[in-house]
Protein chains: 2
Amino acid sequence: MSNIYLAVIGVGGVGTAFLNQLARLPNAPKLVLLARSSQTLQSPTPAYAPAIPAADWKTAVETPSLTKSGALSVDEIASYLSSAPGRSILVDNTSDLTLASSYPVFLRKGISIVTPNKKGFSSDIALWKDIFAAAAEGKALVYHESTVGAGLPVISTIRDLVNTGDEVTRIEGVFSGTLSFLFNTFAPASGSSDAKWSEVVAKAKELGYTEPDPRDDLNGMDVARKLTILARIAGLEVESPASFPVESLIPKELESLPATAEGAAQFMAGLPEFDDQMSAIREGAEKQGKVVRYVGSVDVGKKTVRVGLQFFEKDSSIAGLKGSDNIISFHTKRYGSQPLVVQGSGAGGEVTAMGVTADLIKAVERLQ
Amino acid sequence: MSNIYLAVIGVGGVGTAFLNQLARLPNAPKLVLLARSSQTLQSPTPAYAPAIPAADWKTAVETPSLTKSGALSVDEIASYLSSAPGRSILVDNTSDLTLASSYPVFLRKGISIVTPNKKGFSSDIALWKDIFAAAAEGKALVYHESTVGAGLPVISTIRDLVNTGDEVTRIEGVFSGTLSFLFNTFAPASGSSDAKWSEVVAKAKELGYTEPDPRDDLNGMDVARKLTILARIAGLEVESPASFPVESLIPKELESLPATAEGAAQFMAGLPEFDDQMSAIREGAEKQGKVVRYVGSVDVGKKTVRVGLQFFEKDSSIAGLKGSDNIISFHTKRYGSQPLVVQGSGAGGEVTAMGVTADLIKAVERLQ
């Protein structure tokens, strides 16, 4: 085991997959804190031992030698980690904005952050700046590969391009596995489909491809957050994901439904009324020999970011995507006319956790 | 400037582009040794200062405060670097097997290696094993992203997959920018071509897309070396690039021509006699509605590696490649039915140097 101390917050789909991967890692850091909503498990001070067994985290709560408590405050967790007898890393496997807003507190105390949580990097630009300023002050590291494209090498690739002095001129792609699946099914590039939009959405929901409330995919905000992150790394000072045009696929007439499970049910019930609108868009594309896709793009020169529907030639790589794949194209000065392209599954617990674990390995390599 | 000491060997296309990128790097390591075939420039001992200015390396030989000499031996360079007052890195921008065979000497002395030189990683398996054993012994680092796909994130991606516990089951792709260009031109996926093979090769040579001697591309050895590297990282003990089937595009009748410039000219003069053979292959693919491409593949389960011609559906991503792009698909247990795909330019000084520079940044981050 390395002499690095690890705290993990969140044991949802990604968190559980991450703990499984952590358990199989050679030279893994010592897991000394594991927190879920209202429960915290800790290795007792001052020894910070024994470590929490990542393989048996579910039953570890029965281990008498570990300290159990309710939810700890950010300051309590930060102070516990910064007193550990070695460098420490916090893995945030939640999608919580409040926790993400506290990254600077951890970083200034020298605690590194590894996370798939988009919120810290895609909210107000002030938080983005504070995170990286705090990391520099605390000589701590920040890794967030899985905030875009899950485990696909997206963040590392754009950082390598920028760090080696290349100029990213344009980024374009399909950034949502859910919206990829919906449009690949609704308007396939080969053959044709007369499927109704509401039926495709209902089927995707049934298969578990959408969020529990499909409006969380259809409003485009998840894609807008990812574009915010990429645009910022490419050098644009994007104020927030609300500061550029995002086309929502939630019909105006259904926007006022409450953000509850009942509201989601009412939304699904009301969606068929708008099938003709979506079919008309599909036919408009078809008349040009194209298909419609939901994409995001950043034009660095023009300083514009946009997220929404666009038509693509049927033999283009965006049109030809399969299943729920993401595709991300980086156009740069060095790469010239042909972009650098990364493609593959951009969602799911295992591949998202893989990005987190790969980041953790890199952080450990640099800290030890 | 960081407290890391840097030696660079080789100032060809990649070497020159690398030195330009190095000159623009914030927190760059100190360049204390720069060697080309018969000339070496060094910062004088014991101060290891002044550093060689990367931006003006061509005129630095006139600087009186720098030490000039002829070619140094491996032991001389290793001993110079290991006596520096900090950690050191050797960047090998040559394609020299002799230098690559000495990596273990450097690594055992704690000198890290960053290189686009394929030879060390694709020759005898004994050298491969010795390199990584030496790195572990010397606590030194080895980075070689640009040995496959130039600056494309190929080595880093497969290492992340393997290190996080995924199982790579199959790797497939187009690994040569030259052969990509030749076949994309000779047998395009959209439309059709009646171009003669020998004319396509001649044109590519004229455009500088081939090696000075096109036989160095057509013999498939460059691709075989890349596949050897990937297969080894995926877990196969590939003895050497000669230990699996590699289809050479050099006609048997022309194999005995000498490996000289004159031999290359005789080869180009003799190639048109074999145009009918290549046209017949193109027509064979066409009859199945497919196109022919030169690909490499690794099947980890079956423990097989192969390099050669294969037919692909016209709407496949391999058939649809443009220009001299590479494409590499990783099929893994976690990624399931859809592979993780990386695509883009896999050749050229700037993008190859980018992979080297990105590796150097990572090595510096870990050593400082």
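A note on names: the letters A, B, ... follow the listed sequences, proteins ahead of strands, and every chain is numbered from 1. Every heavy atom of this structure was used, including side-chain atoms; hydrogens, water molecules and symmetry mates were not.
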Item to check | Top contributor to chain B contacts, counting heavy-atom pairs under 4.5 Å, from A/Val342, A/Leu25, A/Ile361, A/Asp325 | outcome: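 Counting heavy-atom pairs under 4.5 Å, the top option is A/Asp325.
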Next on the checklist: Please identify, among A/Ser156, A/Ser345, A/Gly165, A/Ser329, the residue contributing the most non-hydrogen atom pairs under 4.5 Å to chain B.
Outcome noted: A/Ser345
Next on the checklist: Is it the case that atom NZ in A/Lys203 sees more than 12 heavy atoms from other parts of the structure closer than 6.0 Å?
Outcome noted: no
Checklist entry - What residue, out of B/Thr157, B/Asn326, B/Val351, B/Leu141, has the most heavy-atom pairs lying under 4.5 Å from chain A? => result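 It is B/Val351.
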Next on the checklist: Sort by residue number and list every residue of residues 146-155 of chain A having at least one heavy atom under 4.5 Å from chain B.
Outcome noted: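 At a heavy-atom separation under 4.5 Å, chain B is reached by A/Gly151, A/Leu152, A/Pro153.
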What distance do [X] atom [atom1] and [Y] atom [atom2] have between them, rounded to the nearest 0.5 Å?
X	Y	atom1	atom2	result
A/Arg366	B/Lys362	CZ	NZ	11.0 Å
A/Leu321	B/Gln338	CG	CD	9.0 Å
A/Lys322	B/Ser337	NZ	OG	11.5 Å
B/Thr164	A/Met354	OG1	CE	4.5 Å
B/Asn163	A/Glu365	CG	CD	7.5 Å

Item to check | Contacting region of B/Leu161 [heavy-atom separation from chain A under 4.5 Å] | outcome: both
Next on the checklist: Using heavy-atom distances under 4.5 Å, tell me whether B/Leu340 contacts chain A through its side chain, its backbone, both, or neither.
Outcome noted: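 Both the backbone and the side chain of B/Leu340 come within 4.5 Å of chain A.
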Checklist outcome for this item: In short, B/Asp160 meets A/Ala358 closest at the heavy-atom pair CG-CB, 3.8 Å
Next on the checklist: Any non-hydrogen side-chain atom of A/Gln21 less than 4.5 Å from a side-chain atom of B/Arg334?
Outcome noted: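 Yes, at least one pair of side-chain atoms sits under 4.5 Å.
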Checklist entry - Which ring pair (Phe, Tyr, Trp, His ring centres under 6.0 Å) pairs, counting each pair once, include a residue from residues 168-188 of chain B, with sequence neighbours left out? => result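 Of all non-adjacent pairs touching residues 168-188 of chain B, those that pass ring pair (Phe, Tyr, Trp, His ring centres under 6.0 Å) are B/Phe181-B/Tyr209, B/Phe183-B/Trp197, B/Phe186-B/Trp197.
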